[in-house]
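Order of the sequence lines sets the chain letters (A, B, ...), proteins ahead of strands, with each chain counted from 1.
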2 protein chains.
Amino acid sequence: MASDHTRSAILAAAERLYADRGFGDVTLRDIVAEAGVNLAAVNYHFGSKDELIAELFVTRSIATNRERLRELKAAEEQGGGRAPIEVILRALVGPTLRGCLGPENQRSTAARFMIRASIESVPPIRRIKNREIDHLRKFAGAMRRALPERSEVDVYWGLNFALAMAHHTIRESERLTKLSEGKCDLDDVEDVVERVVSVATMALTAGRTEVKAPAKVAAR
Amino acid sequence: MASDHTRSAILAAAERLYADRGFGDVTLRDIVAEAGVNLAAVNYHFGSKDELIAELFVTRSIATNRERLRELKAAEEQGGGRAPIEVILRALVGPTLRGCLGPENQRSTAARFMIRASIESVPPIRRIKNREIDHLRKFAGAMRRALPERSEVDVYWGLNFALAMAHHTIRESERLTKLSEGKCDLDDVEDVVERVVSVATMALTAGRTEVKAPAKVAAR
DNA sequence: GATAGTTTCATACAATTGTTTGAAATGCAA
DNA sequence: TTGCATTTCAAACAATTGTATGAAACTATC
């Protein structure tokens, strides 16, 4: 094992390049050049290109999920097992948004890598990705506890829309800036978070404030 | 020109394969095999692989935009130059959702291709994609006319969120089905359209029903 | 300081990719 | 039919990719 220097240099370079340019057009030769190591080092340390990607994704996936669950657990414990829906949604979309948006220099490579992974899903990632469903299920559970009158289906849709707004805004941030001629300030991350959270909250609570009623009609 | 048979067979096969498997892992050999034509035919008729993709994208892009604008124009003319925001949003997200979701057999290859193009944007598409901004600007204009009291920034955010929900739902439809254990019915396209439209409408009108007031505070 | 195990390196390999080539086939006008 | 342009085809080409190899360099233990 010795220094591990080569190994971690590869991981860092790969994550940076994948985050910037996507999996499609980053070759092993690009990675080793960026890392300043030999081409054969990748196969020596990771076995194959796919295993490198998988290791990268697993590591980051665990970290991101832990971050989100930490916020969620803290909120629920504080509220005696039930957190306000806004807080839950903030725990869901906040970390990713904060990691990907914001002033240029503080953008997180890890977060941008995860967004790439969620977009152009390559085989090694696709194989692992199913686990994330369990993670989302925990959020769905918390949301149902926060909105007991709400139908299960509506909660899933709200969760889906919250992730939709967060991810899409990240992916298309450049286009939104161009479309709005800079008027939408994507560097003001907390403003973006609040916009997403507030719309998702409305989607989950509108037309159903206190009522106990059947399912289908909701969220209209 | 003669029959054009080969040319259109290539276009059809390419669109189908790209829609199904993405640009990343579809080779020219896959396409010509599917089309039942010779490998060299692609370069003979289109010049290069990139030009084939570009032609496909341009054709579909024009058709999709025309479809959306047709709905929009019809609505605005009927309302004397100003359509209700719900109708505008339906014109924006309806065609794409209807094309991509719904019972297996009636899903549109064209719509799925366009979603692929919006996801894993390859160089030839990226070069053209800027034009779509002009198209979105027309929708932004109609939305501003429908919501004159609303700030410009809020309208752009509403537009962004509407597209976000539509596209994300299409992209992650499989995951939503799995997460909800089939309870979210993605075959009921009109239900999905109404959900997206209603949430986007709320995002654009909440907390600002009749008031004439400054910007920032909105959509909270 | 010799030796065994680990890591790095230049280089080669095999497979796949988009593209080109030149001949054969086809269609069409005179 | 003849002649000419268009279209199709099998085959080869050149470039790029991930991977494998075997020797060299290094590290640590005795």
- Task: For A:R29 and for B:H45, locate the closest nucleotide of DNA chain D by heavy-atom distance; then report the residue assigned to the nucleotide nearer the 5' terminus.
- Result: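 Between the two, 5'-proximity favours B:H45.
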Among the candidates [options], find the nucleotide nearest to the side-chain atoms of [X].
| X | options | answer |
| --- | --- | --- |
| A:A40 | D:dC9, C:dA10, C:dT19 | C:dA10 |
| B:K49 | C:dT7, D:dG18, C:dT19 | C:dT19 |
| B:N38 | C:dT19, D:dT8, D:dT19 | D:dT8 |
| B:L39 | C:dA12, D:dA11, D:dT7 | D:dA11 |

Using whole Å, what does the distance between atom [atom2] of nucleotide [N] and atom [atom1] of [X] come to?
| X | N | atom1 | atom2 | result |
| --- | --- | --- | --- | --- |
| A:Y44 | D:dA25 | OH | P | 17 Å |
| B:L52 | C:dT19 | CG | C1' | 14 Å |
| B:D4 | D:dT6 | CG | P | 14 Å |
| A:L28 | C:dA15 | CG | P | 18 Å |
| B:H5 | D:dT8 | NE2 | P | 9 Å |
| A:F23 | D:dG18 | CZ | P | 13 Å |
| B:D50 | C:dT17 | CG | P | 16 Å |
| A:N43 | C:dT8 | CG | P | 14 Å |

- Side-chain donor-acceptor pair present, A:S121, A:R126, cut-off under 3.5 Å: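 Per modelled atom types, A:S121 and A:R126 side chains form a pair under 3.5 Å.
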- Check the side chains of A:E51 and A:S48 for a donor-acceptor pair under 3.5 angstrom, ignoring hydrogens and angles. yes
- Pick one: which of B:T27, B:N43, B:L28 meets side-chain contact (heavy atoms from CB on, under 4.5 Å) with B:K49? B:L28
- Message: Apply side chain to side chain contact (heavy atoms under 4.5 Å, CB included) to residues B:E15 and B:R112 and explain how you reach the verdict.
- Response: CA-CA 9 Å; B:E15 183 171 46; B:R112 283 183 305 131; over 6 Å; no
- Does OP1 or OP2 of D:dT8 have a side-chain N or O of B:T6 closer than 4.0 Å?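 For D:dT8, OP1 or OP2 has a side-chain N or O of B:T6 closer than 4.0 Å.
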- Item | Atom CD of A:E190: over 12 foreign heavy atoms under 6.0 Å | yes
